[in-house]
Participant: 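Just dropping this structure here.
Scope of the values below: all heavy atoms of this structure, side chains included, with no hydrogens, waters or symmetry mates. Being a predicted model, the structure only gives us computed values, none of them experimental.
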Amino acid sequence: MKKAILLTAALPFLFASCKKDSKSGDFATITKNYFKEKNELEPLNATLNGQNEYNDQFVFEMTDSYRKKQADFFDKYETELSGIDAESLSPEEKISYEIIKWETAIGKDLLKTDNNLMPIHQFWGTHLTMTQYASATAAQPFKTEQDYHNFLKRMDAYSVWIDSAMVYMKKGMAKKMVLPKALTIKLIPQFEEQITPKVEDNIFYTSIKSLPNDLSIEVKSSLKNDYASMINNKLMPQYKKMVDFLKKEYLPASRNTSGIGNIPGGKEMYSVYAKQWTTTTKAPEEIHELGLSEVARLKSEMEKVKEQVGFKGTIVEFFDYVRNKKELMPFKKPEEVIANFEAIHKKIKPNVDKLFSLQPKTPFEVRRVEAFREKTASAEYVQGAADGSRPGVFYVPIPDVAKYNYYGDEDLFLHEAIPGHHFQISLQQENKELPDFRKFNWFGAYGEGWALYTESLGKELGLYEDPYQYFGMLGNEMHRAIRLVVDTGLHSKGWTREQAIKYSLENEAESEASIISEIERYMAIPGQALSYKIGQLKLIELRQKAQNQMKDKFDIKVFHQKVLESGVMPLALLESKINDWTKKGN
């Protein structure tokens with residue numbers, strides 16, 4: 001799931017009790033203002049969330065002046081919350097109160113680090129978001145003349161942003177806070193590929209090729225000229241400057257180590273990231289040991305499948321067998337991969353109703369990843385607009401269809417699409433009872449934890465009849481368990497990139513190329529990979545606890561409704577909500 005992240009984070013759950021008087025209406029005003037000011041700090045994310053009044057706005061998120069605005073924002077809302085009597089709030093308002101409290105606290109923790117000195121990497125960020133928006137297939141709308149002027153304004157600011165990124169990267173170089181060489185090498189082509197001989201071939205010109213029919217000839221001509229001028233005179237010179245800087249200055253200065261634990265303040269930074277992404281206070285060492293335990297459990301289950309299909313070699317040899325089994329690579333055209341996912345969707349539809357009474361209205365589509373990012377992209381879900389004007393999209397990278405192995409596709413669909421990210425995010429956005437800031441919020445431990453939990457529902461939904469597809473489910477869960485081991489290994493135990501790759505190859509059936517891409521992802525965004533398994537294990541624990549306590553009164557539809565209805569939140573808040581429902585027994 002791809003989501004721009006700035007404030008989403010967490011600290012331990014505790015409903016604060018304040019002595020000052022307050023009215024629910026006062027708190028509603030706070031949540032409204034919080035959302036507005038958060039969008040002003042995150043305008044690209046606001047566009048993703050369908051808040052179109054921010055479509056021309058742009059921020060320089062790495063700069064000291066921007067971080068001062070963040071600090072003022074956090075201070076303001078800490079003060080605002082101190083004037084609220086939390087005990088006077090409704091249950092949903094208490095959750096809102098605690099979420100704001102979590103976000104401001106973790107935001108302040110992040111500002112104590114120098115993470116702004118590494119403002120770009122190969123996995124996500126402003127330069128990739130802007131390129132995706134320019135493709136005219138993502139969140140940035142291109143339906144009116146104003147829409148085109150909005151993006152033109154963003155392109156102008158973005159061209160200057162590239163200079164700011166280089167300034168702060170140079171500051172990072174001076175402090176030895178730089179990317180690993182392996183990541184810088186992957187970053188260079190992302191800028192290099194946007195330098196085109198012809199402006200018409202540039203991705204930032206894409207929207208001009210499909211101008212709305214209702215625009216006049218004069219307006220169309222003006223927009224064509226404005227976009228061509230922006231690309232030729234501002235963007236491409238800046239891209240050339242960035243490529244030159246990356247090759248001649250940044251790559252030689254890039255580090256040979258892989259994890260952030262080796263940079264100044266890196267261990268403290270990783271502790272903050274682990275807290276942010278898991279929404280718990282689990283220490284990296286505890287998470288590492290949990291990962292090792294889960295890897296051992298899942299490997300035992302994989303051995304059973306190996307025996308079921310009659311393979312006589314070792315589990316590592318079975319991984320290689322599955323990776324290269326020609327029968328699992330049947331597709332000749334990319335369209336056939338997409339059609340297979342659509343067939344999975346059709347197959348589970350009758351059974352979805354048995355597990356979910358609460359289902360979204362937002363449309364859903366499966367699409368191939370855009371060519372400009374397909375080489376480095378993972379499968380992902382990008383949410384639709386809350387008003388239904390833009391569908392939720394499950395993006396599938398197909399860089400080489402002849403080598404596309406589909407043994408894990410049933411599981412992948414459940415996670416990224418239905419009932420994973422599409423259900424959870426769409427229901428959250430559609431819930432009119434939630435304040436706006438919660439409709440568009442994100443906590444990885446909840447959101448990714450939910451998506452991983454839904455993978456275990458495959459048999460109940462009519463999938464995993466083929467042992468290789470079930471092995472795919474085990475493989476994807478193993479992939480998330482391995483993340484606990486290698487992410488903490490890289491960033492808190494001094495593991496090298498090669499160590500992490502070797503460990504993954506020994507314990508999962510992903511291809512070496514895929515594993516390399518994944519390990520480099522963890523190197524780029526420390527802690528994010530921890531969120532999946534930590535969240536999934538909490539959801540499994542809550543379901544088992546509810547079943548044990550409620551016995552015949554337990555209804556899986558109601559459990560799923562209770563988990564989904566209030567949207568993402570820190571795990572301790574979710575646990576409190578489910579425990580309350582379990583005790584009431586309805």
Side-chain angles (χ1 to χ4, degrees), residues 1 118 121-124 179-183 185-186 255-263 266-267 269-278 280 282-302 315-316 319-320 323 376-380 408 415 444-445 448-449 451-452 455 472 474-537:
M1 155 67 196
M118 294 184 289
H121 53 71
Q122 87 292 355
F123 191 72
W124 66 30
L179 291 177
K181 276 187 167 61
L183 303 195
I185 289 168
K186 294 291 173 69
R255 55 191 163 93
N256 294 315
T257 57
S258 302
I260 60 168
N262 297 290
I263 65 175
K267 290 189 183 298
M269 190 184 296
Y270 186 60
S271 291
V272 176
Y273 283 139
K275 185 189 295 184
Q276 176 192 11
W277 286 107
T278 68
T280 73
K282 291 181 185 296
E285 181 62 36
E286 180 185 356
I287 294 170
H288 189 82
E289 291 301 316
L290 177 61
L292 292 172
S293 173
E294 282 293 286
V295 166
R297 178 184 67 82
L298 288 162
K299 188 173 277 190
S300 175
E301 289 297 308
M302 289 177 156
I315 190 68
V316 174
F319 292 157
D320 195 52
R323 286 187 199 108
T376 58
S378 301
E380 66 183 10
H415 180 107
E448 297 296 358
L452 184 53
E455 296 178 29
L474 291 174
N476 282 330
E477 187 175 1
M478 172 68 90
H479 186 58
R480 278 42 173 259
I482 286 170
R483 285 175 170 177
L484 299 182
V485 178
V486 298
D487 198 86
T488 51
L490 285 165
H491 300 296
S492 71
K493 290 181 170 293
W495 282 24
T496 64
R497 170 180 173 272
E498 289 66 34
Q499 273 179 280
I501 291 169
K502 183 174 182 290
Y503 182 85
S504 298
L505 284 170
E506 290 172 349
N507 289 287
E508 65 176 323
E510 289 291 312
S511 69
E512 185 172 7
S514 175
I515 284 171
I516 289 171
S517 179
E518 283 290 296
I519 296 302
E520 290 175 350
R521 163 186 172 171
Y522 313 149
M523 289 161 63
I525 44 174
Q528 191 270 346
L530 307 177
S531 57
Y532 301 74
K533 205 76 177 67
I534 298 296
Q536 178 226 25
L537 290 173

Participant: What are the two closest non-hydrogen atoms of Asp487 and Pro526, and how far apart are they?
Facilitator: OD2-C, 4.2 Å
Participant: Is it the case that atom CD in Glu506 sees more than 12 heavy atoms from other parts of the structure closer than 6.0 Å?
Facilitator: yes
Participant: Step by step, would you call Ile534 with Leu484 a side chain to side chain contact (heavy atoms under 4.5 Å, CB included)?
Facilitator: CA-CA 9 Å; Ile534 298 296; Leu484 299 182; 4.2 Å; yes
Participant: Using 4.0 Å as the upper bound for N to carboxylate O, is an ion pair formed by Lys493 and Glu285?
Facilitator: yes
Participant: Is any side-chain heavy atom of Ile501 closer than 4.5 Å to a side-chain heavy atom of Arg497?
Facilitator: yes
Participant: Go through the structure and list residues passing ring pair (Phe, Tyr, Trp, His ring centres under 6.0 Å) with His491, not counting sequence neighbours.
Facilitator: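 So His491 forms a ring pair (Phe, Tyr, Trp, His ring centres under 6.0 Å) with Tyr270.
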Participant: Which atom names give the shortest non-hydrogen contact between Glu508 and Gly475, and what distance separates them?
Facilitator: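 Heavy-atom minimum between the residues: OE1-O, 4.4 Å.
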Participant: What's the verdict on side chain to side chain contact (heavy atoms under 4.5 Å, CB included) for Ile519 and Leu490, showing C-alpha distance, side-chain angles and the deciding distance?
Facilitator: CA-CA 9 Å; Ile519 296 302; Leu490 285 165; 4.2 Å; yes
Participant: Using the test salt bridge (charged side-chain N to carboxylate O under 4.0 Å, His left out), find all partners of Lys299 that sit at least two apart in sequence or belong to another chain.
Facilitator: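 With sequence neighbours excluded, Lys299 shows a salt bridge (charged side-chain N to carboxylate O under 4.0 Å, His left out) to no residue whatsoever.
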Participant: Atom CD1 of Ile515 and atom NE2 of His479: how far apart are they, to the nearest 0.5 Å?
Facilitator: 8.0 Å
Participant: Do Tyr522 and Glu518 have a side chain donor and acceptor closer than 3.5 Å?
Facilitator: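 There is such a pair (donor and acceptor under 3.5 Å, judged by atom type) between the side chains of Tyr522 and Glu518.
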Participant: Which heavy atom in Ile263 sits nearest to a heavy atom in Arg255, and how many Å separate them?
Facilitator: CG2-NE, 3.5 Å
Participant: When you measure from the side chain of Thr488 to the backbone N and O of Val485, does any donor-acceptor pair fall under 3.5 Å?
Facilitator: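 Looks like yes, one N/O pair under 3.5 Å.
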Participant: Does Lys181, at its NZ atom, have more than 12 non-hydrogen atoms belonging to other residues, nucleotides or ligands within less than 6.0 Å?
Facilitator: yes
Participant: Under 4.5 Å between any side-chain heavy atoms of Glu380 and Trp124, yes or no?
Facilitator: no
Participant: Can you tell if the side chain of His415 reaches within under 4.5 Å of the side chain of Asn476, non-hydrogen atoms only?
Facilitator: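 His415 does not reach Asn476 side chain to side chain.
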Participant: So do the side chains of Phe319 and Met302 get within less than 4.5 Å of each other, counting heavy atoms only?
Facilitator: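 With C-beta onward as the side chain, the pair touches.
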Participant: Do Gln122 and Ile185 pass the side chain to side chain contact (heavy atoms under 4.5 Å, CB included) test, and can you show the C-alpha distance, the side-chain angles, and the key distance before you say yes or no?
Facilitator: CA-CA 9 Å; Gln122 87 292 355; Ile185 289 168; over 6 Å; no
Participant: For a quick check under 3.5 Å, do Glu477 and Gln536 share a side-chain donor-acceptor pair by atom type?
Facilitator: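 Yes, Gln536 and Glu477 have a side-chain donor paired with an acceptor closer than 3.5 Å.
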Participant: Can you name the closest pair of heavy atoms from Ala274 and Leu530 and give their distance?
Facilitator: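 Taking every non-hydrogen atom into account, CB-CD1, 4.0 Å.
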Participant: Using the test side chain to side chain donor-acceptor pair (under 3.5 Å), find all partners of Ser293 that sit at least two apart in sequence or belong to another chain.
Facilitator: none
Participant: Working to the nearest 0.5 Å, report the span between CE of Met269 and CD1 of Ile260.
Facilitator: 5.5 Å
Participant: Report the distance from atom CD of Glu498 to atom CD1 of Ile516, rounding to the nearest 0.5 Å.
Facilitator: 9.0 Å
Participant: Which pair of heavy atoms, one from Ser531 and one from Gln528, lies closest together, and at what distance?
Facilitator: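 Scanning both residues, the minimum pair turns out to be OG-O, 2.7 Å.
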Participant: How long is the span from the CD1 atom in Ile287 to the CZ atom in Arg483, to the nearest 0.5 Å?
Facilitator: 14.0 Å
Participant: Is there a donor-acceptor pair under 3.5 Å between the side chain of Glu294 and the backbone N or O of Lys533?
Facilitator: no
Participant: Can you name the nearest heavy-atom pair linking Pro180 to Thr257, along with the distance?
Facilitator: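 Result for this residue pair: CB-O, 3.4 Å.
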Participant: Salt bridge or not for Glu455 and Arg480, using N-O below 4.0 Å?
Facilitator: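 Salt bridge present between Glu455 and Arg480.
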Participant: Are any non-hydrogen side-chain atoms of Asn507 and Leu298 less than 4.5 angstrom apart?
Facilitator: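 The answer is no; the side chains never approach within 4.5 Å.
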Participant: Roughly how far, to the nearest 0.5 Å, is CD1 of Ile482 from CD of Glu510?
Facilitator: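 Going from CD on Glu510 over to CD1 on Ile482, the span is 9.0 Å.
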Participant: In Å and rounded to the nearest 0.5 Å, what is the OG to CG distance from Ser258 to Leu179?
Facilitator: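 Those atoms lie 12.0 Å apart.
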Participant: Please check: side-chain N/O of Ser271 versus main-chain N/O of Lys267, any donor-acceptor pairing under 3.5 Å?
Facilitator: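 Such a contact is found between Ser271 side chain and Lys267 backbone.
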